[in-house]
Protein chains: 2
Amino acid sequence: MVLPRAARTQRRTRIQEEKEELILEAALDVFATHGFRGSTIDQIAEVAGMSKPNLLYYFRTKDAMHRALIDRVLYNWLDPLREFDAEGNPVSEIRSYIRRKLEMARDFPRESRLFANEILQGAPHIEDELKGPLKELVDEKAEVIRSWAKAGKIAKCDPYHLIFAIWSTTQHYADFDVQVRGVLGEERSGEGRFEDAARFLEQLFVHGLEIREGGVDAV
Amino acid sequence: MVLPRAARTQRRTRIQEEKEELILEAALDVFATHGFRGSTIDQIAEVAGMSKPNLLYYFRTKDAMHRALIDRVLYNWLDPLREFDAEGNPVSEIRSYIRRKLEMARDFPRESRLFANEILQGAPHIEDELKGPLKELVDEKAEVIRSWAKAGKIAKCDPYHLIFAIWSTTQHYADFDVQVRGVLGEERSGEGRFEDAARFLEQLFVHGLEIREGGVDAV
DNA sequence: GTAATGTTTTACCAACCGGTCAAATTATCA
DNA sequence: TGATAATTTGACCGGTTGGTAAAACATTAC
């Protein structure tokens with residue numbers, strides 16, 4: 001019998017696992033470069049090397065594909081922030097957070113662009129995640145940063161905007177890759193740009209957050 | 001006679017000026033939120049309050065509309081960088097560059113998102129601009145920053161990555177607005193967030209680029 | 001006023017879109 | 001092996017898309 005994918009509660013077939021994997025991989029490619037509305041099922045099917053109805057056998061709608069993809073990617077995407085450790089040394093925590101985010105921009109640029117597209121277009125599919133789990137995680141880590149500042153371990157600053165700054169500067173190398181490479185030119189567009197970026201950003205944030213000698217650190 | 005818009009080399013009518021203005025305004029709205037492929041002519045026509053064929057009388061293709069919009073917006077978008085003054089005081093130049101970019105993110109978020117969408121999706125329509133005029137302008141300003149560093153007025157750093165960092169942190173507040181407001185929560189989502197951001201970013205960049213006492217400023 | 005030009009609308013088209021259906025094919029397992 | 005369930009395909013559908021044709025309508029210049 002032909003059961004719609006969603007109705008099958010039993011164990012998944014080997015073929016199912018493989019094909020769903022294949023489809024999500026292709027979907028990541030397509031959604032990341034064209035956004036949800038700009039992507040077509042045919043495109044994804046072609047990248048995945050299968051026919052459109054076949055693809056729709058595994059995910060019944062374009063929306064279901066997108067949602068499955070987001071769910072799968074979102075959790076891991078927040079790993080670096082989750083590892084941010086209240087007990088650790090502030091400077092090295094921030095430094096390694098930057099490095100890890102930059103590694104993700106280098107190694108998983110499609111994932112970064114998937115979210116960038118989604119948020120840029122008003123986050124119609126993940127607004128709940130933003131205001132729920134994401135906000136809670138950021139609130140928690142912002143509190144950690146604030147306590148560091150209060151303890152005099154780093155300069156006083158708005159922890160939310162600090163997190164935004166780390167997000168934006170690092171993800172820039174994934175999301176705006178074409179621009180970065182266009183501006184740097186052919187010869188500086190090798191993988192070395194991530195090393196240069198890491199060096200610069202660590203300098204910027206570490207010095208920028210260093211406690212100021214002589215008390216007040218207002219600008 | 002009905003001449004296609006492009007063939008008319010003569011002076012433009014009052015109506016033409018008005019309608020083209022109206023259309024580009026609507027196009028900015030739509031392209032900025034959905035990207036090129038995700039936008040439809042019908043949508044733009046509706047926002048502009050005119051019929052689709054009427055709209056196509058002024059811009060013969062969707063592509064032509066998009067190109068006209070980009071051309072119109074790109075030049076002004078680079079104004080703040082252009083004003084970056086080699087003769088000025090380094091710290092206050094950088095500081096006012098940040099402030100102006102942040103003001104643009106606040107006052108012209110659609111323009112920012114238009115480019116963000118375009119670049120995110122591989123910059124298919126503006127690659128030449130990136131590698132040409134934009135690169136030249138950045139090269140020029142990077143040289144200025146480098147000379148400041150050499151003269152010991154600011155810390156040594158990669159000027160290109162500095163510019164990227166300023167771009168990304170400021171544009172973040174336009175492009176990722178939904179996320180920013182989602183994370184900050186209702187009560188902190190007023191216009192005040194731009195003030196907070198400005199304060200944080202000025203602190204970050206000014207302190208982060210301050211010359212280190214005692215010679216070497218390696219991280 | 002009227003003729004020429006500029007603007008808008010109605011009706012339309014072919015291609016594409018997300019999605020369905022039923023039949024054909026393949027894998028699984030007793 | 002054969003029955004059964006899982007997978008794949010081609011043909012198709014109604015709605016949308018970018019874009020056209022021609023005629024109706026408005027504006028301008030003389």
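Atom set for the values below is all heavy atoms of this structure, side chains included, hydrogens, waters and symmetry mates excluded. Protein chains get the first letters and strands the later ones, always in sequence-line order, with residue 1 at the start of each.
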Check nucleotides 16-20 of chain C for protein N or O atoms closer than 3.5 Å to its own N or O atoms and list the pairs.
| from | atom 1 | to | atom 2 | distance (Å) |
| --- | --- | --- | --- | --- |
| C:dG18 | OP1 | A:S39 | O | 3.3 |
| C:dG18 | OP1 | A:K62 | NZ | 3.1 |
| C:dG18 | OP2 | A:I41 | N | 3.0 |
| C:dG18 | N7 | A:K52 | NZ | 2.9 |
| C:dG19 | OP2 | A:K62 | N | 2.8 |
| C:dG19 | O6 | A:K52 | NZ | 3.4 |

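- Looking at residues two or more places apart in sequence or on another chain, you find a side-chain hydrogen bond (donor to acceptor under 3.5 Å, both in side chains) between A:R181 and A:D177.
- In this view, A:T40 and A:D42, A:Q43, B:R37 satisfy the side chain to side chain contact (heavy atoms under 4.5 Å, CB included) rule, not counting sequence neighbours.
- Distance CD (A:E17) to P (D:dA6): 15 Å, rounded to an integer number of Å.
- One interatomic measurement links the two molecules: CZ of B:F59 to P of D:dT20, which rounds to 15 Å at whole-angstrom precision.
- For the side-chain hydrogen bond (donor to acceptor under 3.5 Å, both in side chains) condition, no pair includes a residue of residues 44-54 of chain B, sequence neighbours left out.
- Applying the side-chain hydrogen bond (donor to acceptor under 3.5 Å, both in side chains) rule to A:K135 yields the partners A:D139; only residues at least two apart in sequence or on another chain are considered.
- Listed by chain and number, the residues in a side chain to side chain contact (heavy atoms under 4.5 Å, CB included) with A:P80 are A:Y97, A:R100, A:K101, A:M104 (sequence neighbours excluded).
- The side-chain hydrogen bond (donor to acceptor under 3.5 Å, both in side chains) search around A:E140 returns none, not counting sequence neighbours.
- Side-chain nitrogen and oxygen atoms of B:Y57 include none within less than 4.0 Å of the OP1 or OP2 phosphate oxygen of D:dG19.
- Contact check, A:Y58 against D:dA6: no side-chain N or O comes under 4.0 Å of OP1 or OP2.
- Taking B:F164 as the reference, A:H172, B:H161, B:W167 meet the ring-ring contact (aromatic ring centres under 6.0 Å, His included) condition, with sequence neighbours excluded.
- Atoms CG and CD, from A:L137 and A:E129 in turn, are 13.5 Å apart once rounded to the nearest 0.5 Å.
- At its two ends the helix from C:dG1-D:dC30 to C:dA30-D:dT1 runs along axes set 10° apart, each axis drawn from five pairs and the angle rounded to 10°.
- Not one side-chain nitrogen or oxygen of A:S51 sits closer than 4.0 Å to the OP1 or OP2 atom of D:dT8.
- For the pair A:N54 and D:dT9, the criterion of a side-chain N or O lying under 4.0 Å from OP1 or OP2 is met.
- Between the P atom of C:dT8 and the CD atom of B:E18 lies a distance of 10 Å, rounded to the nearest Å.
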